[in-house]
Chemist: 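Quick one: the structure is below, questions incoming.
In what follows, every heavy atom counts, from backbone to side chain, and hydrogens, waters and symmetry copies are set aside. Labels below follow one simple rule: chain letters A, B, ... track the order of the sequence lines, proteins then strands, and each chain is numbered from 1. What you are looking at is a predicted structure, and each value in this text was computed from that prediction instead of being measured.
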Amino acid sequence: MKKVAIVGYAQHPILENAGALNEVELIMPVVHQLFDELGISQNNIDFTCSGSCDYLQGAAFAFVEGLSAIQTNPPIKESHVEMDAAWAMYESMLKIQMGDADTALIYGFGKSSPGRLDSIISLQMDPYYISPLWPDRVSLAAIQARVLLEKNIITPEQMITAVIEARTNSKNNKNALVTELVDKESYLASEKISSPLNEFDCPPISDGSSAMIIASEEKAYDFTDQPIFIEGIDHRIESSNIGSRDLSKPTGIMASIEQLKLEKTKFDVAELHTQFSHEVPYLQSVLNLSDVPTNLSGGPLVGNVMMCAGLDAIGKTYESLKSNDLTNGLAHASSGPCLQHNMLVHLEKKS
Amino acid sequence: MIQAGVIGVGQTKYDAKRRDVSMGGLVREAIDNAMLAANVEWDAIDAVILGKAPDMFEGVVMPELYLADAIGAVGKPVLRVHTAGSVGGSTGVIAATHVCSGQFKTVLTVTFEKQSESNATWALSPRYPYSPHINAGAGGYFAPFIREYIRRYDAPEHIGWKVAVKDRLNALKNPLAHLHIPGIDEKMVSDTPMLWEPLRYLESCPSSDGACAMVITSKDLVGSRDVAWIKGMAVRSEGTLSAGRDEVNPQAGIDCAKDIYDQAGITNPYKEIDCAEIYVPFSWYEPMWLENLGFCDLGEGWKLTDKDATAIDGEIPFNMSGGVMSSNPIGASGMIRFGEAALQVMGKANDHQVEDAKVAMGHAYGGAAQFFAMWIVSSSLD
Amino acid sequence: MSEEEKKDYAESPINLEYHYTAGSATTRFLNQVKEGKIVGQSCPKCSAVYVPPRGSCPRCGVATNIEVPLTDKGCIESFTIVHIPIPGNPIVPPYVCAMIRLDGANISFLHLIQGIDVEEIRIGMRIQAVWKPKDEWTHSLENIKWFTPIDEPDVDVATLRFQES
Amino acid sequence: MSDQKDLLRAPFELAYNYKRSSGPLMSKFFDALADQKILGTKSSTGKVYAPAAEFDPETHESLSDLVEVGPGGVIESFSWIEEPKHHHLIKNPFAFALIKLDGADTSMLHMVTECDEADLKIGSRVTANWSATLENRITDIKFFTLEK
């Protein structure tokens, strides 16, 4: 299989409300930042792919508006997934592997501030049996948290630790939205939103955008001396019927671990698309990351741009490997309620 | 590059309201038909690629999550594509890309729209603050480009009626088509009410429910099955409000067609392509696309239509299935073009089969005539 | 409920509330529209002028950061006559919806044409905005009631096509 | 970036009454709710999905064998909302819960109320309460309450 590497990544500062910026104004700065860093332009890009969700802003064609941020004269090879931009990266990688492109630009953008994310996420559920009950995203996550706590797969202390560490790690992340430190007392004093989850267990409503450039092995070295290779990548979806899933057994992730032969891989760093505190210890245990530095960026708990946060996990892992003496990184992207659809990306720096 | 082919195409019956099925039931109907045609079981499917137009049509956000069970994707990779009206075509391209990349052997791809769940004009352009009440629906958007085409090349008005009749007569040979209008003729079309001048009611596509699925596999797994080899595929996009765009003859369409012809080794599409399923949602887009896709010179498209070149027994048959003019489940409409092209070269198009079709083209476009997806399929690999 | 009356569907109401924010380029533009002025934005690279501006030139992929005051005169690039009612649109058909190309702009936008027999409307016809009374002006192009033909020679629309110099 | 205070903001609403047609299987499920009955589907492996699933996520088969389940069942997990938000259908404290109905192998997401958080445990038994007006929707089950 043709090798593909990440050669650049840029992230817009995560905002509580990016109202002053339309789609174009949100996307253009990160794309330009990336082009400037690499000294290239859209003319160097063979394929462009984006990830976004119309319903976040309530616009029927948010991605069409967004495309105006990109130079499209002459017309470009371009596509769009109504998913986290991690999947736009996945599609772009396939394009490179089939030989239709050597380079790809990926971008994602999301504005959760204009709408009510709780209601919007309810509409991801089964439209006959579940959506009409309007279950909010926190309650759905809380149902999984309670299963994990009840089965002693995670502990309340681990959730507190996840929150405290996320806030502490936000200092590593110049784009983090939430940087205020939290201690155990204030955590415990916080009111539950949907028990067992309180506000600290949940990600902030966030607006932002991110962009990434990937390239074939041959082309990658034209951009950088140190490309970070996608050594393995796999994603799986689980049932839409959360009542038929064992919420303490991540069958999709386990299948990906087996597919990628990750059981014995020793990772140096990991970034997980864990939107809620309980997901951090849960996935650390599933992915065997107990002694691996995880979410050094603070992760989604300090900034959670919908449709970007998965790509950001890959981007942050890329940055960690690039700027440190590290070799193997694991990134995780997720979609849907209770970690329904998960992607694992094994990134490697060649010596 | 790994060579790939379509081994199964499955479609639903298209209708204004498929109230007899749920959304899951609708997509499964197409999938069952595709897998039966391909003679594959679920364990052969390595990934599922889903496409549809805006989520607002059905009010389900990111529906691959809800549809995971219905599309048989549980435990597998699934990708959801949305590229506006071209999505059916670009989903086909991305599905084939999964196989051509070498990552997957056999993939299932499905696209759908259940427009009866809401109202298309509402779902496509809800009213936003600060924007004037100018929205006149998709027809209102495209009609000025059509008028400009007519002006530019001095085309007579009966051309639009002629396409409307030809596609609906073809639809009578396709039991799955939404519109079956026996006895349709140019007089009937020209007697229907004007909607968006110069477009009359019967010169416009219907709003349909339906789904289309395909099974695509790599060369080594085709075996003795009937197959449509994918000889070329491409996508192109250009910005909506870009200075210098020619909406009548978009550069993205020209470039996309050239790309697939180059891949397939086609130098004269008019001669070398046996038939084509082209995205024609309004009658006049047939002559416009004939020119844009290089089947003739600029200004000559309406003349080809006028001399019946696009009839099912003509030089370059267009939309033998009845086309978008006869069935339009928006998210699936592009994939129906791709799938019908495959059926033609597999010799499986039944009553609307073009005799001896060996090379066929599938085409989709969307947005403000700015997103394009196309492919060339062939009965032989060489 | 009799069989005939029994619906084959159930209604599922979905009401989502949003706060629309216009973004920087649009805000700049609409603030001028509120004052009865039309100010396009031009591309620093290819000089194309956009009205209404969205903040970028999609030809070049750069921000349109140069303000270009325009008049309210232009021509009809193309048009349609809408004969059917559109959900959510209060205008009573038939009405003329035209692609308006203002003088000095390099893209067109849709607006209404009135003040002429629909039979006489032509591509290339010169037109000018008819504004609502000043006290009704808001942040919307609806401040222009419609465009109406003016007595100037038609424009060859082929010359409207933007060419990079 | 323009100044936030100069920014044009306005509320708007995306509102539509979607028309859900539920197909041959789920329509039987919704019709049964009118008789205060809850149906599940049995797969070829013998597993019973409730509410009646159209497709088996394990075997991918289409399901058609309907069996009655509930109306009582056991809470498999829940989240407790002390202060309901605007979009919630119940305005008093309530839980979203996964409820494994008697006779089913999978759980149904619904709401549980008329109790305190402390009353609910994983394993608590609950039973369906019915809405006075029937709309052929999942809300025809009003909510679940603890079994007396």
Chemist: What residue in D/R20, D/E117, D/M26, D/E58 has the most heavy-atom pairs under 4.5 Å with chain A?
Modeler: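 Ranked by contacts with chain A, first place is D/M26.
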
Chemist: Does any part of the side chain of A/S244, heavy atoms only, come nearer than 4.5 Å to the side chain of D/Y49, both counted from C-beta?
Modeler: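 SC-SC contact between D/Y49 and A/S244 confirmed.
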
Chemist: Could you tell me the separation between the CD1 atom of A/I242 and the OG atom of D/S107, rounded to the nearest 0.5 Å?
Modeler: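 Here the interatomic distance stands at 9.0 Å.
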
Chemist: Would one find more than 12 heavy atoms of other residues, nucleotides or ligands at under 6.0 Å from atom CD of D/Q36?
Modeler: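 More than 12 within 6.0 Å, yes.
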
Chemist: Is A/K192 atom NZ crowded by more than 12 heavy atoms from other residues, nucleotides or ligands, each under 6.0 Å away?
Modeler: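 It does: A/K192 NZ has more than 12 such atoms within range.
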
Chemist: Could you tell me whether the side chain of D/I81 reaches within less than 4.5 Å of the side chain of A/D136, counting heavy atoms only?
Modeler: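 With C-beta onward as the side chain, the pair touches.
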
Chemist: Which answer fits D/A95, side chain, backbone, both or neither, if we ask what part of it has an atom under 4.5 Å from a heavy atom of chain A?
Modeler: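 Neither part, no heavy atoms under 4.5 Å.
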
Chemist: Which one wins on heavy-atom pair count under 4.5 Å against chain A: D/P51, D/A97, D/A53?
Modeler: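 Maximum pair count with chain A is reached by D/P51.
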
Chemist: When rounded to the nearest 0.5 angstrom, what is the spacing between NE2 in D/H88 and OG in A/S122?
Modeler: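 Atom-to-atom, D/H88:NE2 and A/S122:OG are 7.0 Å apart.
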
Chemist: More than 12 foreign heavy atoms under 6.0 Å from NZ of D/K37: is that the case here?
Modeler: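 Open.
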
Chemist: Report yes if some heavy atom in the side chain of D/F29 is under 4.5 Å from a heavy atom in the side chain of A/Y129; otherwise report no.
Modeler: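 Yes, close enough: below the 4.5 Å cut-off.
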
Chemist: Out of A/P114, A/P127, A/A141, which one racks up the most heavy-atom pairs below 4.5 Å with chain D?
Modeler: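 Most heavy-atom pairs within the cutoff with chain D belong to A/P127.
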
Chemist: Relative to chain A, which of D/K100, D/H110, D/K47 shows the most heavy atom pairs under 4.5 Å?
Modeler: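 Most heavy-atom pairs under 4.5 Å with chain A: D/H110.
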
Chemist: With a 4.5 angstrom heavy-atom cut-off, is it the side chain or the backbone of A/E191 that approaches chain D, or both, or neither?
Modeler: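 Contact with chain D involves the side chain of A/E191 alone.
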
Chemist: What's the separation between atom OG in A/S195 and atom CH2 in D/W80, rounded to the nearest 0.5 Å?
Modeler: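 Nearest 0.5 Å value for the OG-CH2 distance: 9.5 Å.
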
Chemist: If we only count heavy atoms from C-beta on, is the A/N17 to D/R9 side-chain gap below 4.5 Å?
Modeler: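 The answer is yes, as the side chains (C-beta and beyond) meet within the 4.5 Å cut-off.
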
Chemist: What part of A/L247 gets within 4.5 angstrom of chain D, counting heavy atoms only: side chain, backbone, both, or neither?
Modeler: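 When you check distances to chain D, only side chain atoms of A/L247 fall under 4.5 Å.
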
Chemist: Does D/S77 reach the main-chain N or O of A/I143 with its side chain, forming a donor-acceptor pair under 3.5 Å?
Modeler: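 Yes, D/S77 side chain to A/I143 backbone: donor-acceptor pair under 3.5 Å.
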
Chemist: What distance separates A/R146 CZ from D/L120 CG, expressed to the nearest 0.5 Å?
Modeler: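 So the gap between those two atoms works out to 8.0 Å.
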
Chemist: Picking from D/F78, D/F30, D/F143, which has the most non-hydrogen pairs under 4.5 angstrom with chain A?
Modeler: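 Among D/F78, D/F30, D/F143, the one with the most close pairs to chain A is D/F78.
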
Chemist: Please lay out, stage by stage, how D/K85 and A/I193 fare under the test side-chain contact (heavy atoms from CB on, under 4.5 Å).
Modeler: CA-CA 10 Å; D/K85 302 251 179 61; A/I193 295 176; 3.8 Å; yes

Chemist: Find the one option among A/A145, A/A142, A/S131 whose heavy-atom pairs under 4.5 Å with chain D are most numerous.
Modeler: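 So the answer, after comparing A/A145, A/A142, A/S131, is A/A142.
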
Chemist: Within a 6.0 Å radius of atom CD on A/E16, are there more than 12 heavy atoms belonging to other residues, nucleotides or ligands?
Modeler: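 No.
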
Chemist: What is the distance from atom CG of D/L98 to atom SG of A/C338, rounded to the nearest 0.5 Å?
Modeler: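 Here the interatomic distance stands at 8.0 Å.
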
Chemist: Side chains of D/L89 and A/W134, heavy atoms from C-beta outward: is any pair under 4.5 Å?
Modeler: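 When only atoms from C-beta onward are counted, A/W134 and D/L89 do touch, with a gap below 4.5 Å.
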
Chemist: Which answer fits A/R116, side chain, backbone, both or neither, if we ask what part of it has an atom under 4.5 Å from a heavy atom of chain D?
Modeler: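 Side chain only.
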
Chemist: Most heavy-atom pairs under 4.5 angstrom with chain D, which of A/S194, A/S239, A/P196?
Modeler: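 Most heavy-atom pairs under 4.5 Å with chain D: A/S194.
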
Chemist: Quick one: CG on A/D246 to CD on D/E76, what's the gap to the nearest 0.5 Å?
Modeler: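 Between A/D246 CG and D/E76 CD, I get 9.5 Å after rounding to 0.5 Å.
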
Chemist: Heavy-atom distances under 4.5 Å only: say whether A/D126 touches chain D with side chain, backbone, both or neither.
Modeler: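 No part of it gets close to chain D.
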
Chemist: Answer yes or no: does atom CD of D/E147 have more than 12 heavy-atom neighbours from other residues, nucleotides or ligands under 6.0 Å?
Modeler: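 Yes, the 6.0 Å shell around CD holds more than 12 heavy atoms from other groups.
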
